[in-house]
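Just below is one structure, and these are the notes that go with it.
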2 protein chains.
Amino acid sequence: MKTLRVPEATVTRLSIYSRYLERLDRNGVSSVSSGEIADGVGVSPAQVRKDLAYFGEFGTRGVGYNVKDLMRYTLKILGLDRHWNLILVGAGNLGYALCTYRGFNMRGFSIVGVFDNDLTKIGKRINDLEVLPMESMPEIVKDHNVRIGIIATPTRAAQEVADYMIKCGMQAILNFAPLPLNLPEHVEVRNVDLSVKLEILTFNLGFKSAQNV
Amino acid sequence: MKTLRVPEATVTRLSIYSRYLERLDRNGVSSVSSGEIADGVGVSPAQVRKDLAYFGEFGTRGVGYNVKDLMRYTLKILGLDRHWNLILVGAGNLGYALCTYRGFNMRGFSIVGVFDNDLTKIGKRINDLEVLPMESMPEIVKDHNVRIGIIATPTRAAQEVADYMIKCGMQAILNFAPLPLNLPEHVEVRNVDLSVKLEILTFNLGFKSAQNV
DNA sequence: TAGCTAATGTTATTTACTTCACATAATATA
DNA sequence: TATATTATGTGAAGTAAATAACATTAGCTA
Ligand SMILES: NC(=O)c1ccc[n+]([C@@H]2O[C@H](COP(=O)([O-])OP(=O)(O)OC[C@H]3O[C@@H](n4cnc5c(N)ncnc54)[C@H](O)[C@@H]3O)[C@@H](O)[C@H]2O)c1
Ligand SMILES: NC(=O)c1ccc[n+]([C@@H]2O[C@H](COP(=O)([O-])OP(=O)(O)OC[C@H]3O[C@@H](n4cnc5c(N)ncnc54)[C@H](O)[C@@H]3O)[C@@H](O)[C@H]2O)c1
C-alpha cells in the first residue's frame, strides 16, 4: 500500500461501495468478491480493487472480502465512524426536504440548526427543529461543534450566506444554489447542481439523435 | 474543429458556462474573454477554450466572445434551444420541491406529470399539477411527448419505477434514489446523490486532520 | 499601412485515471 | 502433501483529460 493523492472519483465510488455493502449486510450476505461489488454498482472489478488499494489490504486472496469488515473500513475511510452535526440555511422547499430526509441520519449526519432570514419562517418548526434567525448561528455552531454547512437559499443570497457560514467557523459547505462560490482555499465546497444533471441528459439525447441522422 | 467523443466533464462545464453567460447578459455585458469566464466559474482559461473547441469556433482572436452569441451556442449544444417536458414519480418532500422549483422552467424544462402510488397523495395539487396514479403515465407521456423522467421515490421502489418509465417510453432518467439502477444500454441515466457529496466533504475533513498530525 | 497588443484555436506535453495482466496467497480436493 | 482453483493486490500499459505553449488572427495606434 502506498499513500498518494486519492482521486475524487475514488472517494465517490467508496461512498457507493459502502452503501452497497450495507445493503448486502442487511440481506445477511457475509462475504463478497470485487467482481460482485463491481456488478452491484456498475464498475469494473479492477476498479474496485484499485480504489480499495489506496487505503490498505482488506481482502483475502482466493476468498474475497468480509462484508461487515469491509463495510466498516469504507465507512471509516469516509470519516463516517463518527457523528457529524450539520447546519442548513434556507428553510424553503428544498431545505424542508433535506431537513426531513432520514437518509442522512442513517449515515451519521444530523441537522442541528436551520436558519432563515425571513421573519415569517423564523420560529416555525421542521420536525423537532425550530427555524432560527441567522444571528443564532454562532451559538449553535459552538454548542454542537458543527463543521459542515448546507446552503439552500436562492442563488442571489448564496455567496453572502457562505461568507457568513465561514465567519461562524464552517470548514466545509454543500451548496445547492446554482452559482460557483468564491471561497478561501481552506474551505471545502461541493455543489449539487440538479440542472446540470438534467442538461447532461438533454445533451446526450440531442447528440444521439444527431448520430442517427 | 474535430468531432470526437466529448468528455462528460466538458458537458458539465458547458452547462455552467452557459448559466454564467446568461448572468453576464442580464448584467448588460456584451463581450467576454476565456479568462473572464474561467475566473467566473473557477476553471482555467485553456479549459474553457478546449471545451468550446469540441463544438466549433465561437470567438474572435484578439477580441474574445460575444456574450449573447456564445450563450445561444452553448444552449444549443446542450439541447436547450427547445422546450423539454418532464414527468416526475414520487410526490414526496423532494418531489414537491422539484415540482415547485422555478429554476427548471428558466432553462426550458416543464414538469407536465407527477405520479405517485399512494392513494392519499393522488388527486392532491402541486401548483397547477394534479398528482396522478401510475396508470396515467402512458397517456401523459404521449400527449406531451415526454422523453425524460425524474425518480423521487424511496430507494426500494426506484428500480421498479424506472422499469415502468422505460416501458412508457422514457429515454432518459434523472434518479434521486441512492441506488445504482440496472437499465438497458439505450437509456441515459444520471444519479443525483446528495449523501455522496456530503461524504466527500467528511472524507476531506478527515484527511486534512490526518495530514496535520 | 506597419507594427504592436490581445486573445483565440490548436498542437504538444504533462498529469491523472483506468484497465490489463499476472504473481501471490488462501482454500478446496484428491 | 501435491495440485487445482479462486480471487486479491499491484506494477505496467494504455487511455483520457488537463495544462501549457504557441502560432495565428483581429483590432488598435501612430
Ligand atoms: N427546489 C428545488 O428542487 C431545487 C432544485 C435545484 C436547485 N435548487 C436551488 O436550491 C436553492 C433553494 O431552493 P428552494 O426551492 O428551496 O427555494 P425557496 O425559495 O423555497 O427557499 C429559499 C429559502 O431561503 C431563504 N433565504 C433567502 N435569502 C436568505 C438569506 N440571505 N439568508 C437566509 N435565508 C435566506 C428564504 O427565506 C427561503 O426560505 C436555490 O438556490 C435553488 O436554485 C432548488
Ligand atoms: N428528501 C431529501 O432531501 C432527499 C435527499 C437525498 C436523497 N433523497 C432521495 O429521494 C427520494 C425521495 O425522497 P423524499 O424525501 O421525497 O421521500 P418521501 O417519502 O417524502 O416521498 C416518496 C414518495 O414516493 C411515493 N412512492 C413510493 N413508492 C412508490 C411507487 N412504487 N410508485 C410511485 N410512487 C411511490 C410515496 O408515496 C411518496 O409520496 C428517496 O429515494 C430519497 O432517498 C431525498
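Lettering follows sequence order; numbering is per chain, from 1. The figures that follow rest on heavy atoms only: side chains count, while hydrogens, waters and symmetry mates do not.
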In residues 93-100 of chain A, what donor-acceptor pairs under 3.5 Å come from side-chain atoms, sequence neighbours left out?
| from | atom 1 | to | atom 2 | distance (Å) |
| --- | --- | --- | --- | --- |
| A:N93 | ND2 | B:T100 | OG1 | 3.1 |
| A:T100 | OG1 | A:Y96 | O | 3.0 |
| A:T100 | OG1 | A:A97 | O | 3.2 |
| A:T100 | OG1 | B:N93 | ND2 | 3.1 |

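One atom, CD of A:E57, and another, P of C:dA25, lie 10 Å apart when rounded to the nearest Å. Per the geometry, CD belonging to B:E36 stands 13 Å off P belonging to C:dA6, to the nearest Å. Between the CG atom of A:L52 and the C1' atom of D:dG9 there is a distance of 10 Å, given to the nearest Å. Rounded to an integer number of Å, the gap from CZ of A:R49 to P of D:dT8 is 6 Å.
Between A:F58 and A:Y73, the ring planes are tilted. Angles from 30° to 60° get that label.
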After noting the C-alpha distance and the side-chain angles of B:E199 and A:R19, does the key distance pass the salt bridge (Lys or Arg N to Asp or Glu O under 4.0 Å) rule? CA-CA 11 Å; B:E199 292 172 15; A:R19 230 170 20 208; 5.4 Å; no

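Side-chain atoms of A:S18 and A:R107 include a donor-acceptor pair closer than 3.5 Å.
Proximity of A:L80 to A:F109: side-chain heavy atoms (C-beta onward) are separated by under 4.5 Å at one or more points.
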Kindly give the atom pairs (protein nitrogen or oxygen, nucleotide nitrogen or oxygen) under 3.5 Å for nucleotides 15-19 of chain C.
| from | atom 1 | to | atom 2 | distance (Å) |
| --- | --- | --- | --- | --- |
| C:dT18 | OP1 | A:R13 | NH1 | 3.0 |
| C:dT18 | OP2 | A:R13 | NH2 | 2.9 |
| C:dT18 | O5' | A:Q47 | OE1 | 3.4 |
| C:dT19 | OP2 | A:S44 | OG | 3.2 |
| C:dT19 | OP2 | A:Q47 | OE1 | 3.4 |
| C:dT19 | O4 | A:K50 | NZ | 3.2 |

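The shortest non-hydrogen separation linking A:M170 to A:V187 is O-CG2, 4.3 Å. In this structure, A:R23 and B:L179 approach most closely via the heavy-atom pair NH1-CD1, 3.0 Å.
Annotation: the span from B:M71 atom CE to B:N66 atom CG amounts to 9.5 Å, rounded to 0.5 Å.
Within residues 59-74 of chain A, the residues approaching DNA chain C are A:T60, A:R61, A:V63, by heavy-atom distance under 4.0 Å.
At C:dA7, none of the side-chain N or O atoms of B:S33 fall inside 4.0 Å of OP1 or OP2 (strictly under the cut-off).
With the nearest nucleotide of DNA chain D identified for both A:F58 and B:V43, A:F58 has the one nearer the 5' end.
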